[in-house]
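Shown next, in structure tokens, is the structure this report addresses.
Side-chain atoms are counted along with the backbone in the values below, which use heavy atoms only and exclude waters and symmetry mates. Count residues from 1 along the sequence.
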Amino acid sequence: MSKAQRYINDFDESLKRVEIQSSRIIDNDLIELAFEHESTFEAINKEHQGETRTPEDNSVFKAISRFLDFRTNPKASLSRVDLRNLSFALNIQYSNKKSILGNDTLTKEALSVLSQNWNDRYLFGLIRSLLFSWKMNFDGLEQLQVFVFKRLKDYKGSSKKLLLFKTNAKFFKDGFGPSLLAKQAFSNHFSIDQLTRVLKLEDTDLQYSFFQDAILEHLKKSGEPNLNFIKQLANALRLHQNDTTNKIALSKLIIKVDQNPYLSASIQDFIKDLAVELIGDPDKGYLWSPPSSKDNQLASDIEKGRKILLKWITRRFIDAFFENCINDPARKKFWMQMVDHINDFWVAGSYNTLRYKLEGDSRIDDLLDSRYQVVSGSSDVSALFMRIKDHLIIEFSNQSYACYAYKWNNPNAPKKQENITRIEDLRNGYMQMAANQRGGLLYQSNPEGRLFHTGPWQQIFKSWFKYQVGINA
């Protein structure tokens with residue numbers, strides 16, 4: 001071989017090394033971005049799922065822009081890097097909240113141009129786009145699903161990651177895939193926050209919407225929940241970061257736990273704290289509004305879970321009020337029996353009562369802001385307001401004070417968040433008796449008035465509720 005020929009061969013080898021090295025840099029970066037959560041692509045997705053931004057801001061948006069130009073401009077072209085970036089960007093909203101996957105025609109054309117210039121490495125971006133968009137109702141999602149499944153089945157390369165996806169291609173074939181994955185995870189003894197490990201992904205990849213149905217299926221198969229499982233579910237939901245999944249999963253869990261009276265109160269407390277953290281106070285119904293869906297049972301379950309959670313919170317407040325503010329076990333026991341009938345409640349009292357008697361009580365501390373009304377003065381007496389059907393009931397923390405009953409629509413009845421100057425202003429010594437007793441029995445009652453805690457008062461209260469409110473307490 002001549003010296004010149006050796007120089008040419010060496011030069012060719014150098015070019016190949018440069019090309020291979022540069023390819024590795026790009027590919028490794030993309031793989032890490034997709035599966036090990038380096039910042040760029042995940043940040044792009046989080047920032048642009050719901051806002052408009054020009055495609056030129058970075059390489060991914062440039063790839064989208066060039067693809068859109070390529071569709072209509074005969075002189076335009078797409079580089080290999082553009083195509084790689086495009087595979088990651090199908091679900092990203094780029095202008096007026098549009099995305100390629102959101103349009104059936106754009107999806108078809110994007111997959112076509114990728115197919116015509118196919119490189120197996122594009123599967124990393126396409127799989128990532130599929131996992132991210134699985135539950136987003138994009139028009140082009142089914143096309144992507146079919147395309148990825150076929151490309152995985154046809155894959156004959158040596159990438160361990162892609163070979164693993166090829167082996168598990170059944171999970172991407174149709175809408176039942178996530179549920180199948182959950183069943184396999186369950187049989188392999190993976191906990192609910194380890195579902196991604198079936199695909200050898202990081203636990204943090206649980207954020208993809210693909211895993212919504214997997215989480216719900218695992219929850220369904222879990223049987224009787226214990227505190228350890230609920231903590232694993234909490235971790236899964238925090239990793240998943242999906243408001244709809246939070247509502248569905250936690251409402252189902254709340255219903256399941258409420259049906260078992262033998263589960264400890266600490267489990268209810270943990271779920272209550274978790275639900276308030278991830279969804280919000282159930283008293284604010286708009287925070288618990290169900291997702292747009294034709295599934296009426298889904299909306300019914302979420303609303304049922306919300307109402308049960310409100311009942312749990314009411315129970316905690318009654319506990320705290322009658323322990324911390326008055327320490328009256330008999331009254332606490334009575335009103336605990338009424339919890340299922342209490343539609344709403346709030347507490348009014350001085351700042352001292354809030355600070356020294358209620359704040360710091362872990363049962364209610366995170367919910368005081370919306371349910372405690374501070375009044376003027378430093379009186380130790382506070383008031384508990386309870387709406388029961390069409391009545392407002394007021395109990396006080398002074399054992400000698402009567403209980404007051406108003407019709408809810410009475411203009412003189414105190415209203416929630418209405419300005420109350422002093423607790424004493426809530427008392428009215430001229431108000432009629434709501435219940436008159438003789439020999440420990442109710443013989444005459446009125447729809448509004450005062451109820452006294454004397455004699456067999458619990459029985460009198462129950463009789464009054466039966467005849468005036470329509471409740472068998």
Next on the checklist: As a quick check of understanding, evaluate salt bridge (Lys or Arg N to Asp or Glu O under 4.0 Å) for Lys135 and Asp213, giving each step before the final call.
Outcome noted: CA-CA 9 Å; Lys135 297 291 290 184; Asp213 289 340; 3.2 Å; yes

Next on the checklist: We want to know whether Asp269 and Trp312 form a side-chain donor-acceptor pair, criterion being a heavy-atom distance below 3.5 angstrom.
Outcome noted: no

Next on the checklist: Strictly below 4.0 Å, N to O, side chains only: are Glu323 and Arg363 in salt-bridge contact?
Outcome noted: yes

Checklist entry - Quick check: are there more than 12 heavy atoms from other residues, nucleotides or ligands sitting under 6.0 Å from CD of Glu142? => result no

Next on the checklist: Run the side-chain hydrogen bond (donor to acceptor under 3.5 Å, both in side chains) test on Ser209 and Gln212 for me, step by step, so that the C-alpha distance in whole Å, both residues' side-chain angles and the decisive distance to 0.1 Å come before the verdict.
Outcome noted: CA-CA 5 Å; Ser209 70; Gln212 180 184 105; over 6 Å; no

Item to check | Evaluation steps, side-chain contact (heavy atoms from CB on, under 4.5 Å), between Glu303 and Arg306 | outcome: CA-CA 5 Å; Glu303 179 61 12; Arg306 185 185 75 86; 2.8 Å; yes

Item to check | Heavy atoms of other groups near Lys284 NZ, more than 12 under 6.0 Å | outcome: no

Checklist entry - Would Ile271 and Val257 satisfy side-chain contact (heavy atoms from CB on, under 4.5 Å), going step by step from the backbone distance to the final call? => result CA-CA 9 Å; Ile271 296 171; Val257 168; 3.6 Å; yes

Checklist entry - What do you reckon, is CZ of Arg71 surrounded by more than 12 foreign heavy atoms closer than 6.0 Å? => result yes

Checklist entry - Hey, mind stepping through Asp120 and Arg151 against salt bridge (Lys or Arg N to Asp or Glu O under 4.0 Å) and telling me if it holds? => result CA-CA 8 Å; Asp120 288 334; Arg151 286 291 177 178; 5.8 Å; no

Checklist entry - Does Arg315 pair with Asp319 as a salt bridge, N-O distance under 4.0 Å? => result no

Checklist entry - Checking side-chain hydrogen bond (donor to acceptor under 3.5 Å, both in side chains) for the pair Asp104/Gln143: CA distance, chi angles, key distance, verdict? => result CA-CA 8 Å; Asp104 220 27; Gln143 284 189 67; 2.8 Å; yes

Next on the checklist: Assess the residue pair Asp361 and Arg316 against the criterion (salt bridge (Lys or Arg N to Asp or Glu O under 4.0 Å)); give the C-alpha distance rounded to whole Å, side-chain angles, the decisive distance to 0.1 Å, and a yes or no.
Outcome noted: CA-CA 10 Å; Asp361 189 317; Arg316 300 301 182 272; over 6 Å; no

Item to check | Asp281 and Ser370: CA distance, side-chain angles, deciding distance, side-chain hydrogen bond (donor to acceptor under 3.5 Å, both in side chains) verdict | outcome: CA-CA 9 Å; Asp281 190 334; Ser370 62; 3.0 Å; yes

Checklist entry - Between Ile248 and Ile215, does a side-chain contact (heavy atoms from CB on, under 4.5 Å) hold up when you go through it step by step? => result CA-CA 10 Å; Ile248 299 172; Ile215 290 172; over 6 Å; no

Item to check | Over 12 foreign heavy atoms within 6.0 Å of CG, Asn137 | outcome: no

Checklist entry - Does Asp369 CG have over 12 foreign heavy atoms under 6.0 Å away? => result no

Checklist entry - Are the side chain of Asn324 and the backbone N or O of Lys357 linked by a donor-acceptor pair below 3.5 Å? => result yes

Next on the checklist: Determine whether a donor-acceptor pair (N or O, by modelled atom type, separation under 3.5 Å) exists between the side chain of His218 and the backbone of Phe190.
Outcome noted: yes

Checklist entry - Is the count of non-hydrogen atoms from other residues, nucleotides or ligands lying under 6.0 Å from Lys166 atom NZ greater than 12? => result yes

Checklist entry - Looking at Leu144, Leu181, Val146, Leu152, which one forms a side chain to side chain contact (heavy atoms under 4.5 Å, CB included) with Phe172? => result Leu152

Checklist entry - Are the side chain of Ser112 and the backbone N or O of Lys108 linked by a donor-acceptor pair below 3.5 Å? => result no

Item to check | Stepwise side-chain contact (heavy atoms from CB on, under 4.5 Å) test for Asn260 and Leu263 | outcome: CA-CA 6 Å; Asn260 189 335; Leu263 292 175; 3.7 Å; yes

Checklist entry - Would you find a donor on one side and an acceptor on the other, under 3.5 Å apart, between the side chain of Ser187 and the backbone of Gln184? => result yes

Checklist entry - Looking at Phe186, is Lys221 sitting on its ring face, NZ or CZ under 6.0 Å from the six-membered ring centre and within 45 degrees of the normal? => result yes

Next on the checklist: Please report whether the ring centroid of Trp118 lies less than 6.0 Å from that of Tyr155.
Outcome noted: no

Next on the checklist: Quick one, Lys247 and Leu287 - any side-chain contact, counting heavy atoms below 4.5 Å?
Outcome noted: no

Checklist entry - Any ion pair linking Lys62 and Asp82 (charged N to carboxylate O, less than 4.0 Å)? => result no

Checklist entry - Going through the checks in order, is the salt bridge (Lys or Arg N to Asp or Glu O under 4.0 Å) test met by Lys416 and Asp283? => result CA-CA 13 Å; Lys416 193 173 186 179; Asp283 192 42; 3.2 Å; yes

Item to check | Over 12 non-hydrogen atoms of neighbours within 6.0 angstrom of NZ in Lys311 | outcome: yes

Next on the checklist: Keeping Thr314 on the side-chain end and Leu310 on the backbone end, is there a donor-acceptor pair under 3.5 Å?
Outcome noted: yes

Next on the checklist: Assess the residue pair Trp346 and Phe321 against the criterion (ring-ring contact (aromatic ring centres under 6.0 Å, His included)); give the C-alpha distance rounded to whole Å, side-chain angles, the decisive distance to 0.1 Å, and a yes or no.
Outcome noted: CA-CA 11 Å; Trp346 68 97; Phe321 183 83; over 10 Å; no

Item to check | Sidechain-backbone polar pair: Ser99 side chain, Gly102 backbone, donor-acceptor under 3.5 Å | outcome: yes

Checklist entry - Are the side chain of Asn168 and the backbone of Leu164 linked by a donor-acceptor contact shorter than 3.5 Å? => result yes

Checklist entry - So, the side chain of Asn246 versus the backbone of Ile279: is there a donor-acceptor pair under 3.5 Å, distance only? => result no

Checklist entry - What is the ring orientation for Trp134 with Phe210, classed by angle as parallel under 30°, tilted 30 to 60°, or perpendicular over 60°? => result perpendicular

Checklist entry - Would you find a donor on one side and an acceptor on the other, under 3.5 Å apart, between the side chain of Glu217 and the backbone of Leu180? => result no

Item to check | Flag if over 12 foreign heavy atoms under 6.0 Å of NZ, Lys256 | outcome: yes

Checklist entry - Excluding sequence neighbours, so at least two apart, what forms ring-ring contact (aromatic ring centres under 6.0 Å, His included) with His240? => result none

Next on the checklist: Less than 4.0 angstrom from a charged side-chain N to a carboxylate O is my criterion; do Glu202 and Arg197 meet it?
Outcome noted: no

Checklist entry - Stepwise, does the side-chain hydrogen bond (donor to acceptor under 3.5 Å, both in side chains) test hold for Ser350 with Asn352? => result CA-CA 5 Å; Ser350 68; Asn352 285 344; 5.0 Å; no

Next on the checklist: Please check: side-chain N/O of Ser133 versus main-chain N/O of Met136, any donor-acceptor pairing under 3.5 Å?
Outcome noted: no

Item to check | Aromatic ring proximity Phe317/Phe345, centre distance under 6.0 Å | outcome: yes

Checklist entry - Does the side chain of Phe147 come within less than 4.5 Å of Ser115's, by heavy atoms? => result yes

Checklist outcome for this item: All heavy atoms of Asp301 vs all of Ile255, minimum pair found to be O-CD1, 3.6 Å

